[in-house]
There are 2 protein chains.
Amino acid sequence: MTIRVILVDDQPLLRTGFRMILEAEPDIAVVGEAADGEQAVEQVRALQPDVVLMDIRMPRMDGVEATRRIAGSGRDGENAARVLVLTTFDLDEYVVEALRAGASGFLLKDVPADDLVAAIRVIAEGEALLAPSITRRLLDMYAARLPSAEDPTPDTLAMLTEREVEVLRLVARGMSNAEIAAELYVSETTVKTHVGHVLTKLGLRDRVQAAVYAYESGLVRPGAI
Amino acid sequence: MTIRVILVDDQPLLRTGFRMILEAEPDIAVVGEAADGEQAVEQVRALQPDVVLMDIRMPRMDGVEATRRIAGSGRDGENAARVLVLTTFDLDEYVVEALRAGASGFLLKDVPADDLVAAIRVIAEGEALLAPSITRRLLDMYAARLPSAEDPTPDTLAMLTEREVEVLRLVARGMSNAEIAAELYVSETTVKTHVGHVLTKLGLRDRVQAAVYAYESGLVRPGAI
DNA sequence: CCGCGACTCCGCCCCTGGGAGGAGATCGCC
DNA sequence: GGCGATCTCCTCCCAGGGGCGGAGTCGCGG
């Protein structure tokens, strides 16, 4: 059971290099090459590979979009090709976008040949694999995102009184001062006071920013309405 | 420059096994052992290791909490020990919790000795590393989060023109009409027109509701700012 | 007891925001 | 060519939002 691989990179030399590395492995076969995203999508459709080695920076259609087309098609069709993304630098934007696009792996181009081959085998089995520096970044984002969700008290939010948080929640539901007043059985003036306090305490300008802050801080979250 | 490691597991036999594997490496030294979370935290404080090999299931204080204490202390103190979590099963809850707690790595206990040693070296360098099956799960969660953002078209949103969506995004970042105008190089009047169209098309009253809608529809999501 | 913080309420003033209504430019499609 | 959609810009109007200053009640803790 050989692993069918397609190489996608706009530099022919690089493709040749990878091909030589991979052809040396008995269980891996390079069945196709592509120089840009559009070709890649066509090749994948035509050749039904197991793994696509994808450069992220390419002309015509970039690697992210190509990854989306290829990996995304797995939802309807059964056997989608797994995409292993390669890049020279570990630029944030590309990493995040590629992973969201459904890539199964992400390696830097300076990866040792052994690691590349090992990565292809892992990915062909349906697992996933990231370069350590990227894993680290992912985990950082992961760790950074949740503290704010577990205890929705990112410092500044802790300065608000109970009532102010209550008002902020209602602001974040798009309610006007009058509506909030009716909801809380207080006068509109009182609501304005609370809103004012929230704004000054959080260093915000208007209720729109307050609503945004409520979502960003995790105080309210999508779907909770 | 040897890597100082502490082993944390409630099974003495397992600790001995790991110790034998690691002591065979010239650049790794096992400087301590602990049988539960509380001991682990003490040992880390006392011995200042580089890497903590942590079992996730333990009496007294579980691995997640211990990880939180150890990795979390890195925010104030400078050199926090990196935590490499080990587990028998790749149970979702533990994985997610441990990663959120700040673990730098996650491996299954059936990992080959070579891989374990390699993982410790990677983590000692400040990078991160996950078992492929866990990487896969992480990416799936990652990718699963986006589909709703890829087609942010809960019917009504589809009625907006490209420009209107663009304006809506900026409104959802708390920007005023004047700021949006500056950002898009158009007049404030134009922005007001677009905002007005967005409101009427979506059946909303003001820009606050528009911002809320942007979050609720998945057009923008927390953390994406 | 007195101070302090939280919550409540008032009036005044100004500015942003949003509605109404119109208009010119470009593009693509019939 | 004509038509619709999109994007752009304008004026007039006024209600709501937010800053500012002031003030009253309650409960807690020094």
Side-chain angles (χ1 to χ4, degrees), chain A residues 151-217 219-220 225, chain B residues 151-217 219-220 225:
Chain A
D151 58 335
T153 10
D155 320 330
T156 45
L157 193 52
M159 311 194 67
L160 300 184
T161 69
E162 207 175 319
R163 196 60 156 175
E164 284 160 0
V165 171
E166 205 174 349
V167 171
L168 175 53
R169 277 207 166 85
L170 297 179
V171 168
R173 287 171 57 177
M175 297 171 72
S176 70
N177 287 336
E179 288 168 343
I180 296 175
E183 176 82 18
L184 298 181
Y185 298 107
V186 295
S187 86
E188 193 175 336
T189 308
T190 305
V191 175
K192 291 179 77 169
T193 307
H194 288 316
V195 172
H197 285 159
V198 169
L199 296 182
T200 54
K201 284 186 180 178
L202 299 182
L204 305 174
R205 194 204 322 149
D206 53 37
R207 61 202 299 112
V208 187
Q209 294 190 351
V212 173
Y213 180 91
Y215 276 96
E216 291 296 332
S217 69
L219 177 66
V220 302
I225 290 185
Chain B
D151 58 335
T153 12
D155 318 330
T156 46
L157 193 51
M159 312 194 67
L160 300 183
T161 70
E162 207 176 320
R163 198 59 158 173
E164 285 160 358
V165 171
E166 207 174 348
V167 171
L168 176 53
R169 276 206 167 85
L170 298 179
V171 167
R173 287 171 57 177
M175 298 171 71
S176 70
N177 286 336
E179 288 169 342
I180 295 174
E183 175 83 16
L184 299 180
Y185 299 106
V186 296
S187 84
E188 193 175 335
T189 309
T190 305
V191 175
K192 292 179 76 169
T193 307
H194 289 315
V195 172
H197 286 159
V198 170
L199 296 182
T200 54
K201 283 186 180 177
L202 299 182
L204 305 174
R205 191 196 336 140
D206 53 38
R207 63 202 297 110
V208 186
Q209 294 189 350
V212 172
Y213 181 91
Y215 276 97
E216 292 296 331
S217 69
L219 178 65
V220 301
I225 290 187

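Note on naming: letters A, B, ... go to the chains in the order of the sequence lines (proteins, then strands), and numbering restarts at 1 for each one.
Taking only distance into account, the side chain of Thr193(A) never meets the base of dC7(C) through a donor-acceptor pair shorter than 3.5 Å.
Of all non-hydrogen atoms in Lys192(A) and Asn177(A), the two that sit nearest each other are CG-ND2, 3.5 Å.
The separation between Glu188(A) atom CD and dC9(C) atom P is 11 Å, rounded to whole Å. The distance from atom CG of Leu168(B) to atom P of dC7(D) is 13 Å, rounded to the nearest whole Å. Between Glu166(A) atom CD and dC7(C) atom P the separation is 9 Å, expressed in whole Å. Rounded to whole angstrom, the span from the CG atom of Leu160(B) across to the C1' atom of dC7(D) amounts to 14 Å. Rounded to whole angstrom, the span from the CD atom of Gln209(A) across to the P atom of dG17(C) amounts to 11 Å.
Using a 4.0 Å cut-off between charged side-chain N and carboxylate O, Glu166(B) and Arg163(B) make a salt bridge. A salt bridge links Glu179(A) with Arg205(B): the closest approach of a Lys/Arg side-chain nitrogen to an acidic carboxylate oxygen falls below 4.0 angstrom.
Along DNA chain D, the nucleotide nearest Arg163(B) and the nucleotide nearest Lys192(A) are compared for position; the residue whose nucleotide lies closer to the 5' end is Arg163(B).
Using a 4.0 Å cut-off on heavy atoms, none of the residues of residues 174-184 of chain A approach DNA chain C.
Checking the phosphate oxygens (OP1, OP2) of dC7(D), a side-chain nitrogen or oxygen of Thr161(B) falls inside 4.0 Å. Between Arg207(B) and dG18(C), a side-chain N or O to OP1/OP2 separation shorter than 4.0 Å is present. In terms of phosphate contacts, Thr189(B) brings a side-chain nitrogen or oxygen within less than 4.0 Å of OP1 or OP2 of dC10(D). One finds no side-chain N or O of His194(B) lying less than 4.0 angstrom from the OP1 or OP2 phosphate oxygen of dC7(D).
Note: Gln209(B) CD to Met175(A) CE = 10.0 Å, rounded to the nearest 0.5 Å.
Using a 4.0 Å heavy-atom cutoff across all strands shown, Ser187(B) reaches sugar-phosphate atoms only and no base atom.
Thr193(B) and Thr190(B) are not linked by any side-chain donor-acceptor pair at a separation below 3.5 angstrom, with hydrogens and angles left out of the test.
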